[in-house]
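A note on names: the letters A, B, ... follow the listed sequences, proteins ahead of strands, and every chain is numbered from 1. Side chains are part of it too, since the values below use all heavy atoms of this structure and drop only hydrogens, waters and symmetry mates.
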Amino acid sequence: MAVPLSPFVLAAQQAVAHALGTEPEMFVVGTPPNPKMGDLAVGCFPAAKALKAAPPALAAKVVESFEATEMLVSATAAGPFVNFTVNTEALFMHLAKSALGDEELIAKSPGEGKSICVDFSSPNISKQLAYHHIRSTVIGHALVNLYRALGYRVVGINHLGDWGTTHGMLLAAYHRWPPAEPLTIKTLNGLYVKFREAMKEDEGLGDEGRAWFAKLENGDEEARKLWQHFKDVSWAEFETVYEMLGIKFDEVRGESAYVDDMPGVIEMLDKKGLSSVSEGALVVMLEEEGMPPLLLRKQDGATLYGTRDLAAAMYRWNEYAFERSLYVVDRGQSLHFKQLFRTLEKAGYEWSAKCSHVPFGLVRVGGKKTTTRGGNVVLLKEVFAEATERASAKISENNPEWEAKRVADTANTVGIGAIVFANIMSQRDKDVDFDWDDILSTSGDSGVYVQYGHARCCRTLEKAGIEDLDSDVDFALLTQPQERTLGLALSQLGDVVAKAADHNDPHLLSRYLLDVVSDFSTWYTQGNQDKALRVLCEDEAMKRARLSLVAMTKAVLKEGLGILGIDAPNAM
RNA sequence: GGUCCCAUAGCUCAGCCGGAUAGAGCGACGGUUUCCUAAACCGUAGGCCGCAGGUUCGAUUCCUGCUGGGAUCACCA
């Protein structure tokens, strides 16, 4: 994937490459350990072997032949490193154009004309959305936004778990213990748990569930009608949660949508000689790959989710000709996806290489994996409610003059934003333990911290009351080291977004936003001690320049949070 | 038992194509507000980067083995 780099990073690469006569792409641009040493650092190691020279000698050579450019004003050698200092005015001019002016904040060119499928959230119907559903939902949503920000056509897919034996069990449970209407998802969830519980005692119940699923799969009218009812009830509930999170799917196509495609898939695999009957079930053997077989059809003739996933993968390819097709699903299903992709590959579909499982660690409660049937779940809405309530108290305290609705709306944004951020912030692969205090913490590294920084920017701009900050600003006045540190951080937004998308890892963006706010806060709070260092200082020209930097920061934070699926209130 | 993931400060974690003195947050201790939002900022203390080898000029980072924790291994999704 082509990664767009900031013009300053490009300039540093080119300066080194030009001096050494090598390719610019080989050099990694980093940051010197101490800001006094410079703004951008390039190690000369990659060229050492080809040029048969020691890195320090190469660094000296680069510095010797360096000539100041529009972007870079100086270069110094520090051992094997070349440290460049960027042109402050050029830096802020560039930021002003992209953050405040006509140019894009993030280049849309990488994704032009390309499609990305993102399968995320994808809960089972008839079960309540629990806290552990949030990771797929928010990571997937952030991925959708990341790719979209880079110009891709993104199809966000909710592959509802609405088919399979589980739903036969639900039908059986419904008949056994007819619940009162109107039916709620809580009732359905309860029926399922009760049925699973009863199955432990009475093995015949399993057959009953399977029989109902067979009826469903064979198009039995009563079964279909009831199943549709369960689905409607479930989706209505899911939608309220997605709305709280600001999520809209481009495609809500559950497993049931592929029922008609399955015979074709099975026939195709049969024709290619990939399927066989083993222990009474129809399978694709994957022994050579060191994997257990992928099951297509059970002994009783009912299909399995692997079959439907094959059909869904093919549907997505035929429909969207994707550049990447992502499955944001917990790590527990790694084997399943390996089997799935390998089967597609064996069937001769080269595009299977474009499919990836984006796994994430599971959420534990009390040190244990949470499962609906185990009953040790924390409902997502409960967590949202608690977070919102806590935020509400603080907001009322800070803004006693606000009307109730504004407090409530802002509390929603802050409370839910905190939870979304917390779920993106940690590395995808790590398991996380659910802890009320952790998840609701609003100090330090948190979504609230980023929102707070944004709100500070907004309030400062509001107080200044100056509109036309995109012109007549003398950036040469921004000479403080904290100002260039912040400016340099802001200039990295596009690079970070591209990298996060490339790695399918939104947490890179969340970490970046924390860094930006930290740089901003350090700079901004200098004014607490010294009025001359405030943004809203006496000197009009200085005030304009600093306000412009505040506006750029605000734009970057707003954009970044937006990509993570988090709103940024103007005050809180 | 096979496969996969994880192991960094007291706690939760960054550090991802190997590179300069390993960084944050929480907690602890000390400081900052007649306020541009203290949900903030500054400072101090705190590390055999799980253990042992290997590759390399250089390893927290790559490879192998080991230990500990977790996930998963055919009729659920």
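- Nearest to the side chain of His507(A), among rA71(B), rA14(B), rA77(B), sits rA14(B).
- Phosphate contact (OP1/OP2 of rA39(B), side-chain N/O of Lys394(A), threshold under 4.0 Å): present.
- When rounded to the nearest whole Å, the span between CG of Leu295(A) and C1' of rA74(B) equals 4 Å.
- Atom CG of residue Leu557(A) and atom CD of residue Gln451(A) lie 10.5 Å apart, to the nearest 0.5 angstrom.
- Between the side chains of Asp330(A) and His132(A), not a single donor N or O lies within less than 3.5 Å of an accepting N or O.
- Here Asp438(A) lies out of heavy-atom contact (under 4.0 Å) with every strand.
- For the atom pair Leu295(A) CG and Gln339(A) CD, the distance stands at 8.5 Å (nearest 0.5 Å).
- Between Gly161(A) and Lys463(A), the one whose closest nucleotide on RNA chain B sits nearer the 5' end is Lys463(A).
- Comparing the P positions of rC49(B) and rU61(B) gives a spacing of 10 Å, expressed to the nearest Å.
- Among the heavy atoms of the strands, none lies under 4.0 Å from Leu514(A).
- For Leu10(A), the side chain to side chain contact (heavy atoms under 4.5 Å, CB included) partners two or more places apart in sequence, or in a different chain, are Leu5(A), Gln13(A).
- Salt-bridge annotation for Arg210(A) and Asp207(A): present, with a side-chain N of the basic residue lying under 4.0 Å from a carboxylate O of the acidic one.
- The ring of Phe81(A) does not lie on top of the base of rG19(B); it is either too far (5.5 Å or more) or too tilted (30° or more).
- Using a 4.0 Å cut-off between charged nitrogen and carboxylate oxygen, Glu538(A) and Lys531(A) do not count as a salt-bridge pair.
- Put simply, Arg511(A) has no side-chain N or O that comes within less than 4.0 Å of OP1 or OP2 on rG23(B).
- The distance between atom CZ of Phe337(A) and atom C1' of rA71(B), rounded to the nearest whole Å, is 15 Å.
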Please, what dot-bracket string fits RNA chain B when only Watson-Crick and G-U pairs with both distances under 3.5 Å count, crossing ones use [ ] and pairs to another strand use |?
-> (((((((..((((.....[...)))).(((((.......))))).....(((((..]....))))))))))))....

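- Rounded to an integer number of Å, the gap from Leu304(A) CG to rA77(B) C1' is 10 Å.
- Between Thr522(A) and rC42(B), a side-chain N or O to OP1/OP2 separation shorter than 4.0 Å is present.
- Residues Phe120(A) and His159(A) place their aromatic rings such that the two centres sit no closer than 6.0 Å.
- At a threshold of 4.0 angstrom between heavy atoms, the contacts of Val28(A) include nucleobase atoms, whether or not backbone atoms are also involved.
- Distance, Tyr512(A) OH to rC13(B) C1': 21 Å, rounded to whole Å.
- One P atom belongs to rU34(B), the other to rG27(B), and the distance between them is 24 Å to the nearest Å.
- Between Val42(A) and Arg297(A), the one whose closest nucleotide on RNA chain B sits nearer the 5' end is Val42(A).
- Rounded to the nearest 0.5 angstrom, Leu129(A) CG and Ile185(A) CD1 are separated by 6.5 Å.
- Nearest nucleotide to the Ser521(A) side chain, out of rA39(B), rC73(B), rC41(B): rC41(B).
- The P atoms of rC17(B) and rC62(B) are separated by 9 Å, rounded to the nearest whole Å.
- As rounded to the nearest Å, rC13(B) and rA22(B) have C1' atoms that lie 14 Å from one another.
- Within the model, atoms CD1 of Ile139(A) and CG of Leu146(A) stand 11.5 Å from one another, a figure rounded to the nearest 0.5 Å.
- As rounded to the nearest Å, rG19(B) and rC29(B) have P atoms that lie 37 Å from one another.
- Looking at residues two or more places apart in sequence or on another chain, you find a side chain to side chain contact (heavy atoms under 4.5 Å, CB included) between Gln526(A) and Gln480(A), Gln482(A), Trp523(A), Leu533(A).
- Looking at every heavy atom in both residues, Leu486(A) comes nearest to Val516(A) through CD1-O, 3.8 Å.
- Checked by distance alone, Asn83(A) brings a side-chain donor or acceptor within 3.5 Å of a matching partner on the base of rA20(B).
- Comparing atom distances between the Leu362(A) side chain and each of rA40(B), rC76(B), rA71(B) picks out rA71(B) as nearest.
- When the ring pair (Phe, Tyr, Trp, His ring centres under 6.0 Å) test is applied to Tyr327(A), the partners found at least two apart in sequence or on another chain are Phe337(A), Phe341(A).
- Aromatic ring centres of Phe213(A) and Trp163(A): separated by under 6.0 Å.
- Counting non-hydrogen atoms under 4.0 angstrom, Ala54(A) reaches nothing in the nucleic acid.
- At a threshold of 4.0 angstrom between heavy atoms, the contacts of Pro32(A) include nucleobase atoms, whether or not backbone atoms are also involved.
- Within 4.0 Å of Arg308(A), counting heavy atoms only, lie sugar-phosphate atoms of the nucleic acid but no base atom.
- Residue contacts for Met291(A): at a heavy-atom cut-off of 4.0 Å it reaches no nucleic acid atom on any strand shown.
- Among the heavy atoms of the strands lying under 4.0 Å from Thr166(A) are primed sugar atoms or P, OP1, OP2 only; no base atom is included.
- Atoms CE (Met425(A)) and P (rC26(B)) sit 11 Å apart, rounded to a whole Å.
- Checking side-chain atoms of Asn124(A) against main-chain N and O of Lys127(A) turns up no donor-acceptor pair under 3.5 Å.
- Atom CG in Asp330(A) sits about 18 Å away from atom P in rC76(B), given to the nearest Å.
- Separation of the P atoms belonging to rC57(B) and rC73(B) is 45 Å when rounded to the nearest angstrom.
- Contacts of residues 524-539 of chain A with RNA chain B (heavy atom under 4.0 Å): Tyr524(A), Thr525(A), Gly527(A), Asn528(A), Gln529(A), Arg534(A), Val535(A), Leu536(A).
- Comparing rC36(B), rA74(B), rC41(B) by their nearest atom to the side chain of Tyr449(A) picks out rC41(B).
- Using a 4.0 Å heavy-atom distance criterion, Met37(A) is classed as a base contact.
- Using a 4.0 Å cut-off between a side-chain N of Lys or Arg and a carboxylate O of Asp or Glu, Lys543(A) and Glu540(A) qualify as a salt bridge.
- Taking the six-membered ring for Trp and the full ring otherwise, Phe45(A) and Phe81(A) have centroids separated by under 6.0 Å.
- Proximity note for Ala41(A) (side chain, C-beta onward) versus rA20(B), rC76(B), rA74(B): the nearest is rA20(B).
- Atom name P, nucleotides rU8(B) and rU21(B): the rounded distance is 23 Å, in whole Å.
- Remark: the separation of the P atoms in rC63(B) and rG18(B) is 11 Å, to the nearest Å.
- Applying the 4.0 Å criterion to OP1 and OP2 of rC76(B), one finds that Arg196(A) has every side-chain N and O outside that range.
- Evaluation of atom-type donor-acceptor distances gives a pair under 3.5 Å for the side chain of Ser278(A) against the base of rA74(B).
- Nucleic acid contact class of Arg390(A) (heavy atoms, under 4.0 Å, all strands): none.
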Just the atom pairs and distances: protein N or O near nucleotides 1-4 of chain B's N or O, under 3.5 Å.
none

